[in-house]
> 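Supplied in structure tokens, the structure appears directly below.
Everything numeric in this text was worked out from a predicted model, so none of it was measured. Count residues from 1 along the sequence.
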Amino acid sequence: MSAQRLDFTGVADNDVTWTLLGTLYLRAWESGSRHPILGDHHAAEAIRRIDYDFPKLHRRVRPESNQYLVALRATQLDEWAADFLRRHPDAVVLHLGCGLDSRMLRLDPPSTVDWYDLDKPEVVELRRRLYPEREHYHLIGASVTDPAWLAGIPADRPALIIAEGLLPYLDGAEVRGLVQRLVEHFGTGELQFDGGAPWLARLSPLGRWGIRDGREVEAWHPRLRCVAQPPFTTHWARIPARGYRLLYRLGHAIPGWRTMFREFRFTF
């Protein structure tokens with residue numbers, strides 16, 4: 001990885017694009033904890049190499065509290081993904097809306113895995129500057145809602161599809177169409193994503209899609225089965241800061257808060 005400083009000051013901060021730096025910053029911040037949950041040192045190294053107005057971003061994303069939401073969410077998806085790759089070392093991984101996430105580096109899959117990171121072309125160009133290329137790693141610059149890119153993904157191996165922090169920004173018809181195309185393209189695999197309650201999507205200026213229960217998605221295709229849908233508060237005991245640990249524990253006991261954010265794991 002080059003030590004050259006990277007100028008990211010041109011990244012817009014008035015739409016969903018800025019969140020890719022926001023989540024990277026939160027993961028980097030959390031990695032500096034004495035007892036990190038995710039411990040994403042790749043994110044910390046990336047932040048050290050980027051020129052950006054990080055004091056402004058710090059005030060906006062409030063890492064002291066929001067680091068735990070991001071760390072718990074990413075850790076759960078990483079654990080599910082690692083489990084899938086242990087069982088399917090010849091898998092195809094499709095990471096949708098990858099942003100600047102270092103998941104491929106964190107999981108470090110064997111060379112028998114083909115990993116595809118997909119995001120908008122301008123995001124892919126940022127990734128090319130930030131992270132090293134490696135064998136069996138592929139970048140796709142395209143809209144996730146464009147059906148054309150899927151034709152280039154191998155369909156004859158077990159597939160792991162991950163969509164973290166993506167689907168809530170699509171509308172319901174786009175999410176349903178995407179899920180149906182993915183299941184039809186691959187013979188077998190898993191779909192893993194996070195989602196918020198519909199009422200939360202209505203409150204967010206950027207949110208467009210919400211989910212109450214995994215059975216809603218099961219109805220979109222007969223091969224889909226929801227095998228897990230834990231609340232993001234499930235692993236509250238992992239939080240090292242006592243005050244926030246108690247807050248998340250309390251939230252886990254309140255039904256409305258417990259189902260506000262969840263992670264979903266589907267097999268097909």
> Has R245 got a side-chain atom pairing as donor or acceptor with A237's backbone, closer than 3.5 angstrom?
no

> Are D119 and R127 close enough for a salt bridge, meaning some N to O gap below 4.0 Å?
no

> Among pairs that include at least one residue of residues 147-166, which meet side chain to side chain donor-acceptor pair (under 3.5 Å), considering only residues two or more places apart or in two chains?
R73-E164, R103-E164, D114-R157

> Go through the steps to decide whether F232 and D194 satisfy the test side-chain contact (heavy atoms from CB on, under 4.5 Å), and finish with yes or no.
CA-CA 9 Å; F232 81 100; D194 62 290; over 6 Å; no

> Identify each donor-acceptor pair in which a side-chain atom of residues 249-260 lies under 3.5 Å from a protein atom, sequence neighbours left out, and give them as a table.
residue : atom : partner : partner atom : Å
H252    : ND1  : T233    : OG1          : 2.7
R258    : NH1  : H252    : O            : 2.8
T259    : OG1  : P255    : O            : 3.0

> Thinking salt bridges, do D108 and R134 make one under a 4.0 Å N-O criterion?
yes

> What residue pairs, at least two apart or across chains, pass ring-ring contact (aromatic ring centres under 6.0 Å, His included) with a residue in residues 55-77?
Y25-H58, W29-H58, Y68-Y244

> With a 4.5 Å limit on heavy-atom distance, are the side chains of E263 and Q192 in contact?
no

> Holding to salt bridge (charged side-chain N to carboxylate O under 4.0 Å, His left out), I want the full list of residues that pass it with E135, two or more places apart in sequence or in another chain.
none

> In chain order, what residues pass the ring pair (Phe, Tyr, Trp, His ring centres under 6.0 Å) check against F193, with sequence neighbours excluded?
F264, F266

> Please step through side chain to side chain donor-acceptor pair (under 3.5 Å) for the pair D101 and T23, ending with a clear verdict.
CA-CA 8 Å; D101 195 346; T23 52; over 6 Å; no

> H185: which residues meet the ring pair (Phe, Tyr, Trp, His ring centres under 6.0 Å) condition with it, sequence neighbours left out?
none

> Would you mind checking if E30 and R27 are paired as a salt bridge, meaning a charged N to carboxylate O distance below 4.0 Å?
no

